[in-house]
> 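Here's a structure for you.
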Amino acid sequence: MINKYKLLLLCFLLLSGNLASAQARKAAPQDNTKMQWFGDAKLGIFIHWGIYGVNGIPESWSFFNNYISHEDYMKQLDGFTADKYKPEEWAKLIKESGARYSVITTKHHDGVALWDSKMGGINTKKHTPAKRDVLTPFVDALRKENLKVGFYYSLPDWSYADYDVFTRAKKRYSITEEPRRWKKFLGFYQGQLRELSKNYNPDLYWFDGDWEHSAEEWESEKVRQMLVGHNKNVIINSRLNHYGDYATPEQGVPVVKPQAPYWELCLTMNDSWGYSPHDHHYKSPNQVIRTFADCISNGGNLLLDIGPKPDGTIPQEQVAILKELGRWTNKHEEAIFGTVAGIPQAHFHGYSTLAKDGKTLYLFVENQGAESVRVQGLATPVKSIKVVGSNTAAKYEKQGNTTFIKVPANAYDEQLTVLALSFDEPLKLASPAPAKIELAQLQKTGKLDATQRNRTIRQMADNLQAGNNPFQNTALQPDGTDVKQLKLADPGVERWVKKHAETMCKANPGLLEGHYEGNTSLSEDKQTLYLFVEGKPTGPIAIKGLKNKLHRIRVVGNGTLLGHEIFNKQYWSEIPGIAYIDVPHDLLDEDLTVIAILLDGPVSLYREEIKPIESN
């Protein structure tokens with residue numbers, strides 16, 4: 001009994017501690033009415049514009065980390081001219097991209113404000129050759145295009161004489177020892193926020209830097225009440241010490257759907273937030289579009305960043321990405337805006353969204369030319385299927401638990417094709433588990449036509465993913481020898497099994513949902529990962545949330561080595577980047593291609609929540 005009471009007491013203390021912690025950092029009450037536009041918007045454009053673009057160095061962090069002195073960093077003020085700045089063209093481009101809102105850096109951690117603040121501090125009108133407030137005309141241009149206005153605002157100001165933190169190595173003072181200085185800073189930053197609210201009445205505040213102090217020290221609750229008091233519909237991001245309305249994962253696309261009802265991934269086009277003339281590591285439009293589809297498939301938004309030059313022009317690489325993104329979003333807007341999160345990946349190896357009434361399912365198809373597109377476990381009968389953007393009808397049939405959809409060859413989009421499945425009733429789902437395939441079945445089928453052969457091979461891949469290996473305890477060898485002993489009935493199936501035997505010999509089930517948009521399996525030692533590729537990819541295949549280093553990548557069956565590229569891996573962060581692998585089309589298997597990746601150890605996956613980056 002003593003142990004039991006001790007256990008009860010421990011549980012009580014833990015619960016009390018959790019409650020106290022929750023009360024100390026309580027989240028803002030959710031107002032779904034005011035959040036509706038944000039949930040429907042899906043796409044925003046982030047703008048990092050400041051003096052850091054003059055030298056093309058990291059915004060604010062370059063002096064904070066002592067890569068450059070504060071004095072030399074501030075010399076960039078002299079190069080911020082904005083002499084080619086055309087805010088109306090910015091707003092038109094943002095509109096063309098398909099974005100419904102934009103967030104601009106009104107002031108970064110370096111303290112340089114884009115408007116003529118009456119609170120003091122540094123700003124573009126008083127301290128740069130631009131000699132003007134560059135924020136006001138942009139806000140006016142956004143509103144003229146009927147776009148929502150978002151303001152990034154840095155809570156820290158590392159240049160302000162009465163802010164306690166100066167650089168990573170230097171603090172100006174301790175708050176407990178000099179509370180009057182801290183009080184002065186609170187008056188300064190809260191006064192700037194009052195200015196922004198009064199002068200511009202933004203739809204959204206995007207705070208940053210809250211990790212440097214507690215909610216009590218920032219007076220987060222007071223700030224929230226002040227902003228909401230001015231505009232009850234204003235939306236605030238999560239970086240006000242949990243007094244915000246939505247979560248803001250940064251750079252890493254979440255593997256597991258975030259728990260927050262509203263969330264937004266902020267993402268760079270290359271590796272830099274602000275303009276950096278030497279950073280040419282740009283994502284392709286295909287990669288950006290697929291990342292966007294990934295976000296909305298999981299019920300989130302994408303806030304895609306651009307970094308204008310100090311003269312006010314936007315780099316051509318960024319313009320090109322926004323224009324192609326706009327072409328794609330305009331064509332497929334019914335599947336994007338105003339939709340909700342789609343179905344689990346176990347039902348469909350790809351991204352998906354649902355109409356709010358549940359009567360239309362949108363499937364985002366990455367690859368072209370597969371025998372068919374498959375979706376499993378639809379309990380509600382399909383009424384019709386069309387290719388979005390062309391209204392071309394797509395034929396379909398149901399076999400067992402699987403609906404097979406034939407996409408007309410001329411109806412594919414060059415980046416990402418979208419199918420709309422219509423239902424008379426809101427969609428209900430059944431178990432997505434694939435029909436179990438046994439060796440005896442493969443021995444009795446007889447010769448198959450091309451369609452059934454292909455579907456049988458893909459069904460084997462489904463089974464491998466699920467942990468059912470029909471060749472587990474057979475004579476099959478990793479090199480495919482002795483495949484004749486299996487007595488497979490169809491020569492095409494036998495050909496494929498022999499060529500890809502290593503993926504089935506003593507194989508383990510593949511990756512968990514969310515890491516790869518397709519089937520996978522693992523070798524016996526879990527150190528070789530096999531990716532199954534259906535059809536012809538329109539861009540590089542992608543794996544996210546893989547902690548391992550990739551030692552060697554090859555095409556199974558011919559041994560050709562492939563390269564890979566990592567995006568969004570920050571050296572200071574434990575969050576893995578996304579690994580992209582280009583698969584040449586001349587190496588694709590006629591039925592199902594398999595890519596083998598040798599890892600640096602047994603597979604290790606990142607499935608934790610992706611949070612704001614608190615260092616740089």
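No experiment lies behind these values; they were computed from the predicted model shown.
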> Step through the shown structure and confirm whether more than 12 heavy atoms of other residues, nucleotides or ligands are within 6.0 Å of NZ on Lys398.
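Atom NZ in Lys398 is crowded, with more than 12 foreign heavy atoms closer than 6.0 Å.
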> Using a strict cut-off of less than 4.0 Å between a Lys/Arg side-chain nitrogen and an Asp/Glu carboxylate oxygen, indicate whether Glu574 and Lys547 qualify as a salt bridge.
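Lys547 and Glu574: not salt-bridged.
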> Considering residues, nucleotides and ligands other than Lys447, do more than 12 of their heavy atoms fall under 6.0 Å from its NZ?
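Count not over threshold, so no.
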> I need the single residue from Lys395, Arg458, Lys406 that forms a side-chain hydrogen bond (donor to acceptor under 3.5 Å, both in side chains) with Ser372. Which is it?
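By the side-chain hydrogen bond (donor to acceptor under 3.5 Å, both in side chains) criterion, Ser372 pairs with just one of Lys395, Arg458, Lys406: Arg458.
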> Would you call the rings of Phe567 and Tyr580 parallel, tilted or perpendicular if under 30° counts as parallel and over 60° as perpendicular?
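Rings of Phe567 and Tyr580: perpendicular, over 60°.
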> If you measure only the distance, is there a donor-acceptor pair under 3.5 Å linking the side chains of Thr248 and Ser238?
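Indeed, the side chains of Thr248 and Ser238 share at least one donor-acceptor pair under 3.5 Å.
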> Check the side chains of Asn401 and Gln376 for a donor-acceptor pair under 3.5 angstrom, ignoring hydrogens and angles.
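There is no such pair between these side chains.
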> Side-chain donor-acceptor pair under 3.5 Å between Asn367 and Thr538, yes or no?
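Judged by distance alone, the side chains do not pair up.
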> Can you tell me if Glu425 has over 12 outside heavy atoms packed within less than 6.0 Å of its CD?
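Open.
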> For His349 and Asn519, test the side chains for any donor-to-acceptor distance below 3.5 angstrom and give the result as yes or no.
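Judged by distance alone, the side chains do pair up.
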> State whether a side-chain donor-acceptor pair under 3.5 Å links Asn558 with Thr560.
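Asn558 vs Thr560: donor-acceptor pair found between side chains.
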> Ignoring hydrogens and geometry beyond distance, is a side-chain donor-acceptor pair present between Tyr530 and Glu502 at under 3.5 Å?
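Indeed, the side chains of Tyr530 and Glu502 share at least one donor-acceptor pair under 3.5 Å.
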> Once the angle between the rings of Tyr246 and Phe38 is folded into 0 to 90°, is it parallel (under 30°), tilted (30 to 60°) or perpendicular (over 60°)?
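Tyr246 and Phe38: tilted rings.
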> Using a distance-only test with no angle check, is there a side-chain donor-acceptor pair under 3.5 angstrom linking Thr268 and Gln251?
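The answer is yes; a qualifying pair exists.
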> Phe46 vs Trp206 aromatic rings, parallel, tilted or perpendicular, using cut-offs 30° and 60°?
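Tilted, since the angle between the ring planes falls between 30° and 60°.
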> Please indicate whether Lys506 has more than 12 foreign heavy atoms, meaning atoms of other residues, nucleotides or ligands, lying under 6.0 Å from its NZ.
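At most 12 heavy atoms, drawn from other residues, nucleotides or ligands, come within 6.0 Å of this atom.
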> For the residue pair Gln465 / Glu513, report whether a side-chain donor-acceptor contact shorter than 3.5 Å exists.
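Per modelled atom types, Glu513 and Gln465 side chains form no pair under 3.5 Å.
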